[in-house]
Amino acid sequence: MRLISLYCVLATIASICMITNGYKILGVFPTMAKSHYIVGSSLMKGLAEKGHEITMISPFPLSKPMKNWRDIPTPGILEKTKALMDNIINLRSQGVIEALVDLFNMGLMLTNLTLQEPSVQNFLRSKEKFDVVVMEIFVNEADIGFGAVFDAPIVGVSTFGSNMWVNDMVGSPAPLSYVPNPFIPLTDRMSLLERLGNIGVSVAERLYNDFVYLPKQKELYEKMIPGDNKPCFYELRKNISMVLLNSHFSVGHPKPYVTNMVEVGGMHINRKTKPLPADIKKFLDEAKDGAIYFSMGSNLKSKLLPVEKREAILKTFAGLKQRVLWKFEDKELPGKPNNVLISDWFPQDDILSHPNVKLFITHGGLLSSMETIYHGVPIIGIPMFGDQFLNMARAERAGFGITVDYEQLSQKTLGDAIREILSNNKYALQIKEMSRRYKDQPMLPLETAIYWVEYVARHKGADHIKSASQALSFIQYHNLDAFGIILLAFYLVYRLIMGMLRKVFGLCFGRTKTEEKKVKVTNKKKKN
Ligand SMILES: *[C@@H]1O[C@H](CO)[C@@H](O)[C@H](O)[C@H]1NC(C)=O
């Protein structure tokens with residue numbers, strides 16, 4: 001009895017200490033794509049477990065309540081973007097520029113919808129204070145105003161890795177000679193032609209961003225973010241203390257980052273494998289010829305696949321010795337062969353860690369690519385949009401994956417790719433090596449991310465880790481003013497030299513000519 005009451009006292013003291021040590025942290029993860037939420041919520045849950053008090057704005061409120069967690073749900077976004085998400089399969093035939101413009105427009109719509117939610121507007125007027133705002137940076141610049149409203153520094157999370165608008169936030173360099181634009185399937189080793197393409201797309205992106213897209217975000221910021229003395233929209237980025245990137249050099253490629261830009265790729269990956277549900281476990285355990293896991297991610301519903309593509313996939317699977325788990329969202333799959341198990345949800349991490357799983361057929365999204373590398377399972381990618389093409393280009397170049405073009409997807413192309421990966425050992429060996437490199441890190445990515453969020457709170461915004469480039473304008477950053485002066489100086493020196501030369505030459509030849517002229521003129525005058 002004594003012990004129990006002592007324990008209670010200790011526990012109470014501990015929990016009080018937890019509360020006093022905990023920070024008030026606001027999470028803003030507004031994107032309707034579940035994969036983005038998965039990255040953000042893994043960090044926010046990690047912070048909640050460490051005793052910080054979390055408030056989370058997202059379209060996905062927790063189904064099971066959690067300690068230290070309060071949701072500000074934005075369900076309207078899911079309703080209003082449902083048609084768009086169902087149409088994702090038709091987006092794939094777009095060109096790069098079209099895809100970029102669509103992404104910018106989607107971002108504007110998403111930001112607009114999030115800020116229109118009554119729950120968000122009420123919250124913005126609540127006069128609460130926070131120690132840090134952790135927010136996704138994904139075509140939603142107006143949301144950076146949350147930092148101003150709640151008087152808190154911002155830790156940005158890019159679910160997408162680094163790209164132009166994330167680099168802009170902290171002034172991180174990205175030389176176009178070896179950092180490919182994430183919207184084109186290039187790697188860091190580019191030919192001259194590829195570099196030209198990289199420059200072309202990046203310049204187009206820059207122009208559209210600066211002259212069309214950002215002014216609209218500015219409009220949203222001014223209209224929807226309350227506050228009388230709020231900072232000017234283009235000054236907001238000074239409030240960003242840190243950007244965490246959902247990428248890792250062992251999975252992507254090495255490139256320069258400023259000090260307050262840190263890679264935490266794969267922080268969402270389950271480090272502790274949970275036991276599989278009984279039916280899946282039995283299905284995989286008994287797969288003596290191995291098993292294949294097929295999932296096109298959370299955005300693309302397999303049931304939206306056109307019938308002829310679905311038939312081609314089914315026929316391919318029916319001809320295999322291997323067993324197949326297919327993430328398929330309908331109850332019924334007509335003509336389903338016996339070696340195929342369907343479900344609308346699979347514990348992806350736990351499945352990929354099963355030793356009998358020899359191949360993952362995926363859309364090549366960043367999260368799936370990271371999970372598959374972590375677990376060391378080679379992939380066949382059917383990329384559909386966004387960075388999936390780039391991820392797959394990298395997987396092919398690194399030698400752990402094969403791309404099957406969606407237009408070309410048939411019983412033959414898919415079957416050939418599956419046979420190649422399952423019969424040729426090199427893919428599995430390569431991805432196991434990459435898995436080893438990825439896991440070789442001083443701290444787990446989630447621990448690293450939590451460390452930096454706490455660091456920013458502890459140092460009240462940690463201004464000392466921001467590089468000076470964050471406060472420079474475009475002209476200053478590129479030294480255009482300095483180069484202008486240098487050019488002007490060159491021009492003046494050139495004029496000076498030319499002037500002197502003229503004088504020198506004038507002494508030798510010039511005078512005679514002018515004198516001749518003068519003589520002629522005086523002669524003429526005389527005649528007149
Ligand atoms: C935001 O949405 C409203 C309608 O709900 C629309 O009138 C307005 O133009 C939108 N703003 C932007 C910048 O897209």
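All ligand and atom numbering here is 1-based and tracks the order in the structure.
Put simply, atom 5 (O) of ligand 1 has protein non-hydrogen atoms near it, under 4.0 Å away.
Residue contacts with ligand 1 include Leu220, since one of its heavy atoms falls under 4.0 Å from the ligand. Judged by the shortest distance from any of its heavy atoms, Gln116 lies inside the 4.0 Å radius around the atoms of ligand 1.
For Lys216, no nitrogen or oxygen atom sits less than 3.5 Å from a nitrogen or oxygen atom of ligand 1, counting backbone and side chain alike.
A cation-pi geometry, defined here as NZ or CZ lying under 6.0 Å from the six-membered ring centre and within 45° of its normal, does not hold between Lys218 and Tyr234.
Given atom 2 (O) of ligand 1, the protein heavy atom at minimum distance is Asn112 ND2, 2.4 Å. Shortest contact from atom 7 (O) of ligand 1 to any protein heavy atom: Lys223 NZ, 4.9 Å.
Other residues, nucleotides and ligands contribute more than 12 heavy atoms inside 6.0 Å of the CG atom of Leu488.
The distance from the CE atom of Met106 to the OG1 atom of Thr81 is 9.0 Å, given to the nearest 0.5 Å.
With sequence neighbours excluded, the residues forming a side chain to side chain contact (heavy atoms under 4.5 Å, CB included) with Lys24 are Glu53, Glu128, Phe130, Asp131, listed by chain and number.
Pairs passing the ring pair (Phe, Tyr, Trp, His ring centres under 6.0 Å) check and including a residue from residues 237-268, sequence neighbours excluded, read His248-Tyr438.
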